[in-house]
K.L.:
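This is the structure I want to talk about, given as structure tokens.
In what follows, chains carry the letters A, B, and so on, assigned in the order in which the sequence lines appear, proteins first and then strands, with residues in each chain numbered from 1.
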Amino acid sequence: MIKSPRGTRDLLPPDTALWNFVEATVRDVFRAYNFHEIRTPIFESTELFARGVGEETDIVAKEMFTWEDRGRAESDRGQSLTLRPENTAGVVRAYIEHKLWDRGLNKLFYIGPQFRRERPQKGRYRQFYQIGAEVIGPAASGSESPARDAEILELLATLLDRVGITGWTLELNSVGCPADRARFNEALRAALEPVVAKMCADCQRRAVTNPLRVFDCKVPEDQSVIETLPRISQFLDEGCRTHFEQVKEILTAVGVPFTLNGRLVRGLDYYTRTAFEFTHGALGAQNAILGGGRYDGLSEALGGPAAPGIGFAIGEDRLVLSLAATADSVLRTPDVYIAPLGPGMNREAARLARELRRSNKDLVVELGDESFRLKKSFEAADKLKSRYILIVGENEVKADAFALKHLASGEQVSVPRAELAARIARH
RNA sequence: GCGGGAUUGGCCGAAUGGCUUAGGCGCUGGAUUGUGGCUCCAGUCACGAGAGUUCGAUUCUCUCAUCUCGCCCCA
């Protein structure tokens, strides 16, 4: 049997109803904040990710699905292409390519699949879905303002509430500018040198490869040492410090709760200043339901104009996973099941179905078959959880009035053809 | 890439070195052919793949695959 590739999965009903509910709700929220949708290709030139995400990141170094194009045209042949492992680089590429700043488009959102070749786990797949948004534009558009950071975070709090996620935590930090980080890294290495020998094997490795990651350590014995290490907050320059203060002030003013986490560091090279994560307890080791931050230098790194930006990506798989609601609760069931009774009734049933659907586009109409015995039609209507069953038999056709039965109450009435749609509609 | 745990029918879930091997849900049909949801009856569907041990394996061993929980990293 051919199975779906490792780390991929089929989403089936009723789960798809839950996914659609999430996406519809999210679109509503984005609309209220005046964000507009962008759809970028699911594969891009490999160079985009190498430059945009960072050569040294795990994503680029070992997790991308990459292949070489073998097109006929000289321009295609040999080009290295990659399934997108995240969507920010693609959005910024499009921003530069189409000069979106000239069109006043600076608040964009996307929903779509991303690909990383990782070991699958709970809430981690090789094809996974992200819902993300970016605010990007020339500094004159206000894109650098702490007000944008706060608005994004407030939007996220609203979004999670609307979707029905309870018990989330917003963790907040500032990772400063590249210059701040360089000085911090230096100080960190210096501070680690005398003590690293006492730490766990992972930390000893991190101390060499990427000192920032020492803060991710969860080994209890190492915590006391980690507490003594310098924090990024001590290395922020005046501009970054003020920026972060203002973000916190606005958040407090609008009433979005947050926790400062001086140990929060982001994995991707392009992040600057504000960094954040929303976590949820029900997710095990992958407790981050979404992550994001500011990336003021990304556009320039990709050859574009200076364009400060801030964005986030929600792991949609993880979001759905932490939803308390069951898929059944958002699954729409039929309003009416039409039961053609006996030979020749399919035609009349089809006409009725068409009339009902045309007269009220919100009605969900399920059509049975004339070969069914009436008992079987009832069973089918019950199984589908239809609200009404509409019987289409010879008597009804003669009278041009049809037996309509409410299945839950058992109440049955004869309804003239012209009144059917109104009768069935939800009140 | 590295560890631990799993892998029984459409789904959940027992037992067992040989004697069809549960139970529940589901699905199909029936209990006299224009009225269901309850009940009853009948039917339906399996031991992840390969190799080995054995007279014989779903049950023991090994390898692989997949899933899962961690590490790494991230959404």
Side-chain angles (χ1 to χ4, degrees), chain A residues 1 3-9 12 53-54 56-63 84-88 111-132 156 200-203 205-206 209-210 212-213 216-219 264-268 271 276-280 283-293 311-322 337 339-342 345 368 370-386 388-397 402-412:
Chain A
M1 182 173 55
K3 296 195 286 190
S4 80
R6 174 174 208 164
T8 68
R9 56 183 180 154
L12 306 172
V53 179
E56 304 308 317
T57 62
D58 276 17
I59 291 176
V60 172
K62 56 188 194 193
E63 293 173 359
R84 63 186 188 196
E86 56 92 58
N87 220 147
T88 298
I111 299 176
Q114 318 291 336
F115 307 83
R116 293 181 199 171
R117 198 179 52 231
E118 295 184 278
R119 183 76 171 263
Q121 259 182 59
K122 186 183 187 67
R124 169 184 289 174
Y125 305 94
R126 290 183 167 188
Q127 173 173 339
F128 61 105
Y129 294 80
Q130 287 190 331
I131 298 167
L156 281 165
C200 68
D202 279 336
C203 282
R205 182 178 46 71
R206 290 171 181 136
T209 60
N210 191 351
L212 276 179
R213 299 240 79 93
D216 285 340
C217 180
K218 288 157 188 112
V219 178
L264 177 66
V265 287
R266 306 256 84 225
L268 281 45
Y271 283 109
F276 56 88
E277 224 167 69
F278 282 69
T279 57
H280 193 274
L283 289 170
Q286 275 66 50
N287 67 346
I289 200 169
L290 71 90
F312 63 83
I314 302 172
E316 190 174 1
D317 306 79
R318 294 180 184 181
L319 179 67
V320 170
L321 206 54
S322 32
Y337 180 98
L341 185 60
M345 289 298 133
E370 66 181 13
S371 68
F372 292 179
R373 290 166 44 200
L374 189 55
K375 173 183 165 64
K376 185 172 171 182
S377 291
F378 268 87
E379 286 172 350
D382 282 329
K383 192 178 303 172
L384 292 166
K385 296 186 166 66
S386 182
Y388 285 101
I389 185 167
L390 179 66
I391 299 172
V392 183
E394 283 187 38
N395 300 338
E396 282 78 7
V397 172
F402 298 82
L404 182 69
K405 185 167 188 175
H406 185 77
L407 285 163
S409 66
E411 185 186 333
Q412 179 169 329

K.L.:
Is a donor-acceptor pair below 3.5 Å formed from side chain A:Asp382 to base B:rG37, judging by atom type as modelled?
P.N.:
no
K.L.:
Is the phosphate of B:rC69, meaning OP1 or OP2, less than 4.0 Å from a side-chain N or O of A:Lys122?
P.N.:
yes
K.L.:
Nearest whole angstrom, please: distance from the P of B:rG1 to the CZ of A:Arg116.
P.N.:
18 Å
K.L.:
Distance between the P atoms of B:rA49 and B:rU8, in whole angstroms?
P.N.:
11 Å
K.L.:
Please report the distance separating the C1' of B:rA46 from the corresponding atom of B:rC12, rounded so that it comes out in whole Å.
P.N.:
14 Å
K.L.:
From the options B:rC2, B:rU35, B:rC73, select the nucleotide whose nearest atom is closest to the side chain of A:Gln412.
P.N.:
B:rU35
K.L.:
Under 4.0 Å between a Lys/Arg side-chain N and an Asp/Glu carboxylate O for A:Lys375 and A:Glu379?
P.N.:
yes
K.L.:
With the stacking rule set at 5.5 Å and 30°, tell me whether A:Phe128 counts as stacking on B:rA75.
P.N.:
yes
K.L.:
Would you measure the distance from the P atom in B:rU16 across to the matching atom in B:rG1 and give it in whole Å?
P.N.:
37 Å
K.L.:
Rounded to whole angstroms, how far apart are CZ on A:Arg373 and P on B:rU28?
P.N.:
14 Å
K.L.:
Expressed in angstrom and rounded to an integer, what is the separation of A:Gln114 atom CD from B:rC73 atom P?
P.N.:
21 Å
K.L.:
Nearest whole angstrom, please: distance from the P of B:rA31 to the CD of A:Glu379.
P.N.:
11 Å
K.L.:
Please measure how far the P atom in B:rU63 lies from the corresponding atom in B:rU68, and state the result in whole Å.
P.N.:
22 Å
K.L.:
Set out, in order, the CA-CA distance, both residues' side-chain angles and the distance that settles side-chain contact (heavy atoms from CB on, under 4.5 Å) for A:His280 and A:Leu321, then state yes or no.
P.N.:
CA-CA 10 Å; A:His280 193 274; A:Leu321 206 54; over 6 Å; no
K.L.:
So what's B:rG48 paired with, Watson-Crick or G-U wobble, going by both distances under 3.5 Å?
P.N.:
B:rC64
